[in-house]
Every structure is written in C-alpha cells, then in structure tokens.
> 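The structure that follows is given in the form of structure tokens.
Computed from a prediction, not measured in an experiment: that's the story for all the values here. Computation of the quantities below employed the complete heavy-atom set of this structure, encompassing side-chain atoms and omitting hydrogens, waters and symmetry-equivalent molecules.
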Amino acid sequence: MHDFIMVEDSELWDVICDDPYVPTKKVGDPPVITPKTRKEYNDADRKVVEKIFRAKKILVCGIGPDEYNRISACQSAKEIWEALQIAHEGTTQVKQSKIDMLTTEYELFRMKVDESIQDMHTRFTSIINELHSLGEIIPRNKLVRKILSVLPSSWESKVNDITKAKDL
C-alpha cells in the first residue's frame with residue numbers, strides 16, 4: 001500500500017509540474033491534432049484527467065479565501081502551483097533578494113542588550129526558518145557556533161565549556 005501511495009503522489013506531482021494535458025485525436029487528411037470531446041475520452045484519458053482534478057483539488061483545499069482569489073482564474077494545477085509559489089516566495093529575483101537580506105541578518109545577528117536567551121533564540125530561529133523555507137540550509141554546527149559567538153561575556157565560561165565538550 002505504501003508504494004502505491006508514493007507512486008500516486010509522484011504522479012500527482014508530475015501533473016502539477018507538467019503542462020496541462022488535453023486528450024487529443026488526429027482528424028482529417030492530412031491529419032490535424034485536435035482536442036477530444038469528453039465523450040471521446042478512453043480509459044487512459046479519463047485516468048489522467050482524474051489525476052489533474054485530484055491535483056487541483058489538493059491544491060485548492062489547502063488554501064484560504066485570500067489565496068483562492070489569487071488562483072481562481074487558473075486553469076491547470078501547474079498554473080495554480082506557480083501562482084501560489086509567486087504569492088509566497090515571489091519571483092526568482094525576489095526570492096534571491098529575500099535570501100540575501102536574511103543571510104545578512106544572520107551574519108550580523110547579535111544578542112540585544114537586556115534580551116533574554118529565549119527571546120534571542122526565538123529571533124534567531126525565525127531567521128533560520130525563513131532561510132530554510134527558501135531553500136537555504138545552514139549546517140547545525142554553524143548555527144551552534146553562531147549562537148555561542150553572540151552570547152554576552154557573562155556567558156564566556158559556559159561557552160568555553162560547551163566549545164571544549166562539543167569540539168566545535
């Protein structure tokens with residue numbers, strides 16, 4: 001059963017990533033490719049069309065009313081997916097700008113005066129999670145080193161002990 005679900009998911013993802021599928025037929029002499037009517041669909045056509053509807057349904061069911069308004073004019077699962085990507089990630093240039101901005105925030109990250117460790121960690125985690133959602137993953141050991149480097153001098157003995165124990 002598990003293999004069937006993975007194949008089904010893979011096929012649905014293919015439907016989302018591929019251009020819209022329209023069942024066609026050859027008509028005339030010389031033959032011209034034209035779309036089939038629904039009555040002319042064979043079993044294979046119906047299976048593909050069913051997957052297209054399922055993919056669209058999955059995408060539409062997972063969004064709220066504001067996002068629905070963005071995608072309501074989309075005809076294919078691919079168009080829906082691309083509209084949602086742009087809405088949430090932006091274009092490639094916008095995405096790269098976000099990555100650059102967040103990377104700079106990460107590099108310049110410092111603990112604020114009178115900030116609790118918990119608040120600092122929450123701010124740091126927010127930056128890391130946003131980078132991760134954009135496909136930028138920072139190795140865990142670098143994250144630990146970064147946190148240790150921004151702790152105030154009152155933490156120096158603890159930082160030294162952690163560094164020695166973990167061999168960072």
Side-chain angles (χ1 to χ4, degrees), residues 1-21 50-168:
M1 180 70 173
H2 183 263
D3 289 338
F4 171 75
I5 292 170
M6 287 183 60
V7 168
E8 180 73 8
D9 290 347
S10 175
E11 289 173 356
L12 289 176
W13 184 244
D14 290 343
V15 165
I16 291 169
C17 292
D18 293 341
D19 284 328
Y21 171 80
E50 184 180 307
K51 283 186 184 9
I52 291 168
F53 284 128
R54 194 170 313 135
K56 287 172 71 174
K57 180 180 174 185
I58 288 168
L59 290 170
V60 171
C61 287
I63 61 174
D66 292 338
E67 290 163 322
Y68 182 79
N69 289 335
R70 278 190 199 110
I71 59 96
S72 60
C74 296
Q75 297 298 309
S76 69
K78 182 177 184 170
E79 281 182 87
I80 293 170
W81 180 249
E82 288 171 350
L84 291 172
Q85 274 186 306
I86 289 170
H88 290 277
E89 293 180 2
T91 62
T92 304
Q93 293 95 341
V94 171
K95 182 178 176 181
Q96 190 56 53
S97 293
K98 286 180 184 178
I99 290 169
D100 293 344
M101 182 189 71
L102 289 165
T103 300
T104 300
E105 266 188 74
Y106 167 80
E107 290 168 353
L108 298 176
F109 187 85
R110 297 287 176 263
M111 186 171 180
K112 296 177 181 176
V113 178
D114 296 329
E115 183 177 35
S116 71
I117 294 294
Q118 183 61 44
D119 289 344
M120 183 227 16
H121 185 264
T122 300
R123 267 190 325 114
F124 186 75
T125 302
S126 177
I127 294 167
I128 300 312
N129 287 344
E130 282 188 67
L131 280 167
H132 189 270
S133 73
L134 295 168
E136 291 293 309
I137 299 163
I138 300 170
R140 190 165 189 76
N141 62 338
K142 277 186 152 185
L143 298 174
V144 171
R145 273 186 265 161
K146 181 65 174 178
I147 287 286
L148 293 175
S149 74
V150 301
L151 291 171
S153 57
S154 60
W155 282 72
E156 188 173 344
S157 64
K158 292 175 182 117
V159 169
N160 290 338
D161 291 343
I162 292 169
T163 305
K164 289 175 189 170
K166 295 291 182 184
D167 197 20
L168 296 171

> Just to verify, what does Ala55 make a side chain to side chain contact (heavy atoms under 4.5 Å, CB included) with, not counting sequence neighbours?
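For Ala55 the side chain to side chain contact (heavy atoms under 4.5 Å, CB included) partners, ignoring immediate neighbours, are Leu12, Val15, Ile16, Ala77.
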
> So, taking the atom named CD1 in Ile128 and the one named CG in Leu143, what distance separates them when rounded to the nearest 0.5 Å?
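So the CD1 of Ile128 and the CG of Leu143 are separated by 5.0 Å.
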
> Can you check whether Glu79's main-chain N or O pairs, donor with acceptor, with Glu82's side chain at less than 3.5 Å?
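Not at all, since once roles are kept as given, no pair shorter than 3.5 Å links the two residues.
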
> To the nearest 0.5 Å, what is the distance between SG on Cys61 and NZ on Lys56?
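Answer for the SG-NZ pair, Cys61 versus Lys56, is 12.5 Å.
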
> Can you tell me how far apart CD1 (Ile80) and CD (Gln75) are? Round to the nearest 0.5 Å.
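If we round to the nearest 0.5 Å, Ile80:CD1 and Gln75:CD are 9.0 Å apart.
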
> Rounded to the nearest 0.5 Å, what's the gap from CD1 on Ile147 to CZ on Phe124? Could you check?
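These two atoms lie 4.0 Å from each other.
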
> Per the side-chain hydrogen bond (donor to acceptor under 3.5 Å, both in side chains) rule, what does the pair list look like for residues 105-115, sequence neighbours excluded?
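Found Glu115-Arg123.
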
> Would you mind reporting whether Leu151 and Met120 have side-chain heavy atoms less than 4.5 Å apart?
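When only atoms from C-beta onward are counted, Leu151 and Met120 do touch, with a gap below 4.5 Å.
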
> I need the Ser133 OG to Glu130 CD distance, nearest 0.5 Å.
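Going from OG on Ser133 over to CD on Glu130, the span is 6.5 Å.
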
> Could you tell me the separation between the SG atom of Cys17 and the CH2 atom of Trp81, rounded to the nearest 0.5 Å?
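The CH2 atom of Trp81 is 8.0 Å from SG of Cys17, to the nearest 0.5 Å.
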
> Kindly give the heavy-atom pair with the smallest separation between Leu108 and Lys146, and that separation in Å.
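Heavy atoms only, the tightest pair is N-NZ, 4.5 Å.
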
> Name all residues meeting the side chain to side chain contact (heavy atoms under 4.5 Å, CB included) criterion together with Thr122; count only those two or more places apart in sequence or in a different chain, and write none if there are none.
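Listed in chain order: Gln118.
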
> Please walk me through it: do Leu84 and Arg70 pass side-chain contact (heavy atoms from CB on, under 4.5 Å)?
CA-CA 8 Å; Leu84 291 172; Arg70 278 190 199 110; 5.8 Å; no

> With sequence neighbours excluded, tell me which residues meet side chain to side chain contact (heavy atoms under 4.5 Å, CB included) with Pro139.
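With sequence neighbours excluded, Pro139 shows a side chain to side chain contact (heavy atoms under 4.5 Å, CB included) to Asn141, Lys142, given in chain and number order.
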
> Go through the structure and list residues passing salt bridge (charged side-chain N to carboxylate O under 4.0 Å, His left out) with Glu136, not counting sequence neighbours.
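Testing Glu136 for salt bridge (charged side-chain N to carboxylate O under 4.0 Å, His left out), a comparison that skips the adjacent residues, returns none.
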
> Search all heavy atoms of Leu59 against all heavy atoms of Ile63 and return the closest pair with its distance.
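So the minimum-distance heavy-atom pair works out to O-CG2, 3.4 Å.
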
> Check ring-ring contact (aromatic ring centres under 6.0 Å, His included) between Phe53 and all other residues, then give those that pass, not counting sequence neighbours.
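Phe53 satisfies ring-ring contact (aromatic ring centres under 6.0 Å, His included) with no residue once adjacent residues are dropped.
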
> Which heavy-atom pair separates Met111 from Ile117 by the least distance, and what is that distance?
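Scanning both residues, the minimum pair turns out to be CE-CD1, 3.6 Å.
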
